[in-house]
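Data block below; observations after.
Counting convention: from 1, in listed order, for ligands and their atoms alike. Quick caveat: nothing in here was measured; it's all calculated off a predicted structure.
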Amino acid sequence: MQALEGTLAGFHDYITRTFAPEDEALAEARQNAQREGLPEINVSPSQGKFLQLLARLAGARRILEVGTLGGYSAIWLARALPEGGKMISLELDSHHADVARANIERAGLGEKIEIRVGPGADSLRKMHQSSEALFDVIFIDADKDGYPKYLELCLPLLREGGLLLGDNTLPDAVLDTQAQSGTKSYNAAVAARSDLSSIIVPALRARGVDGLTISIKQSAAK
Ligand code: SAH
Ligand code: DHB
Ligand code: MG
């Protein structure tokens, strides 16, 4: 087991070094968040790069994120946006939002990314009420218990053909000790919907395996 873990960590290092080196803005965003006492639960560089590629593949002009933290994943994602593109990121904690705004400003993305502070579900309901324009990509990465609720609230905000992404949907969802986990319920709910076609893509991180649930919104069962 030790040897296997070592090998997976080696693969992870190789992928990161080769395809997802951080530039100064990303490295500083991570260091600044750490200095400000934020938990180190941002996506890894390779996960950030993967999110960015998915957003580009989707031709994203509008991206929504639930769970900003220090803005690290937002920077990766917003770099997929064309001129005039926009990202909205929802965050409960105003200190996290302040740190994220500074990081995003330093990355030169202040015009593209807007952070809205408050419980994500409240912000999503306000978006319904104000007839917010639809999004091409939605990335759910806030409190895991909230995932099933975010699924219901996010789907009406996603355009047909758009991508719904759920972070950290492995390994907790399959561990016995996490039988009631929000990510497990999320995966089951997503899999049962005929207006979504989905898969989990396992991802390596420095320690062990993570998972991203990728869903495309479709008009009817395919
Ligand atoms: N996407 C970030 C990591 C997000 S960590 C990145 O990869 O860089 C999860 C974030 O969700 C934390 O900042 C936490 O404060 C926030 N959060 C927790 N509960 C929330 C809620 N109810 N609504 C919105 N955000 C919430
Ligand atoms: C952890 C990682 C995440 O991406 C997240 O959103 C929450 C927690 C973690 O490693 O604990
Ligand atoms: Mg996450």
Applying a heavy-atom cut-off of 4.0 Å, say which part of [X] lies close to ligand 1: side chain, backbone, both or neither.
X	result
Y150	side chain
D167	neither
A142	both

Between [X] and [Y] (side chain of the first, backbone of the second, donor and acceptor by atom type, cut-off under 3.5 Å), is there such a pair?
X	Y	value
K149	A121	no
Q218	S194	yes
T169	T213	yes
K217	L158	yes
E91	V117	no
R62	A133	yes
E36	L38	no

Output yes when R159 and D136 qualify as a salt bridge under the 4.0 Å nitrogen-oxygen rule, no when they do not. yes
May I ask you to say whether R205 pairs ionically with D210, meaning some side-chain N is under 4.0 Å from a carboxylate O? yes
In terms of residue, atom name and distance, what is the protein heavy atom nearest to [atom]?
atom	answer
atom 9 (C) of ligand 1	D141 O, 3.2 Å
atom 10 (C) of ligand 1	E91 OE1, 3.7 Å
atom 18 (C) of ligand 1	D143 N, 3.9 Å
atom 8 (O) of ligand 1	S73 N, 3.1 Å
atom 5 (S) of ligand 1	I41 CD1, 3.6 Å
atom 26 (C) of ligand 1	L92 CB, 3.5 Å
atom 23 (N) of ligand 1	G120 N, 2.8 Å

Greater than 12 external heavy atoms within 6.0 Å of [X]'s [atom1]:
X	atom1	value
Q31	CD	yes
R56	CZ	no
I199	CD1	no

Donor on one side chain, acceptor on other, D172 and S181, under 3.5 Å: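 D172 vs S181: no donor-acceptor pair found between side chains.
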Per-atom contacts, ligand 1 versus [X] - under 4.0 Å to a heavy atom:
X	answer
N42	6 (C), 7 (O), 8 (O)
V43	6 (C), 7 (O)
E65	1 (N)
P119	23 (N)

One pair per line, please: each N/O atom of ligand 2 matched with every protein N/O atom under 3.5 Å away, atom names first, then the distance to 0.1 Å.
residue: ligand 2; atom: 4 (O); partner: I41; partner atom: O; Å: 3.2
residue: ligand 2; atom: 4 (O); partner: D167; partner atom: OD2; Å: 3.1
residue: ligand 2; atom: 4 (O); partner: N168; partner atom: OD1; Å: 2.9
residue: ligand 2; atom: 4 (O); partner: N168; partner atom: ND2; Å: 2.8
residue: ligand 2; atom: 6 (O); partner: D141; partner atom: OD1; Å: 2.8
residue: ligand 2; atom: 6 (O); partner: K144; partner atom: NZ; Å: 2.9
residue: ligand 2; atom: 6 (O); partner: N168; partner atom: OD1; Å: 2.8
residue: ligand 2; atom: 10 (O); partner: R205; partner atom: NH1; Å: 3.4

Are L69 and I41 side-chain neighbours, meaning at least one heavy-atom pair lies under 4.5 Å?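 Of all side-chain heavy-atom pairs linking I41 with L69, at least one is under 4.5 Å.
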Mind checking whether G146 has a heavy atom under 4.0 Å from ligand 1?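 No, G146 has no heavy atom closer than 4.0 Å to ligand 1.
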Non-hydrogen atom of Q47 closer than 4.0 Å to ligand 1: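 Not so, Q47 does not reach ligand 1.
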From L212 CG over to L170 CG, what is the distance, rounded to the nearest 0.5 angstrom? 9.5 Å
Does anything in residues 115-150 form a ring-ring contact (aromatic ring centres under 6.0 Å, His included)? List the pairs, not counting sequence neighbours.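 Listed once each, the pairs are Y147-Y186.
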Which residue pairs pass the side-chain hydrogen bond (donor to acceptor under 3.5 Å, both in side chains) test with at least one member in residues 69-87, sequence neighbours excluded? E22-Y72, D23-R79, E65-S73, Y72-W76, K86-E114
Counting no waters, what protein N/O/S atoms lie under 2.8 Å from the Mg ion (ligand 3)? D141 OD1, D167 OD2, N168 OD1
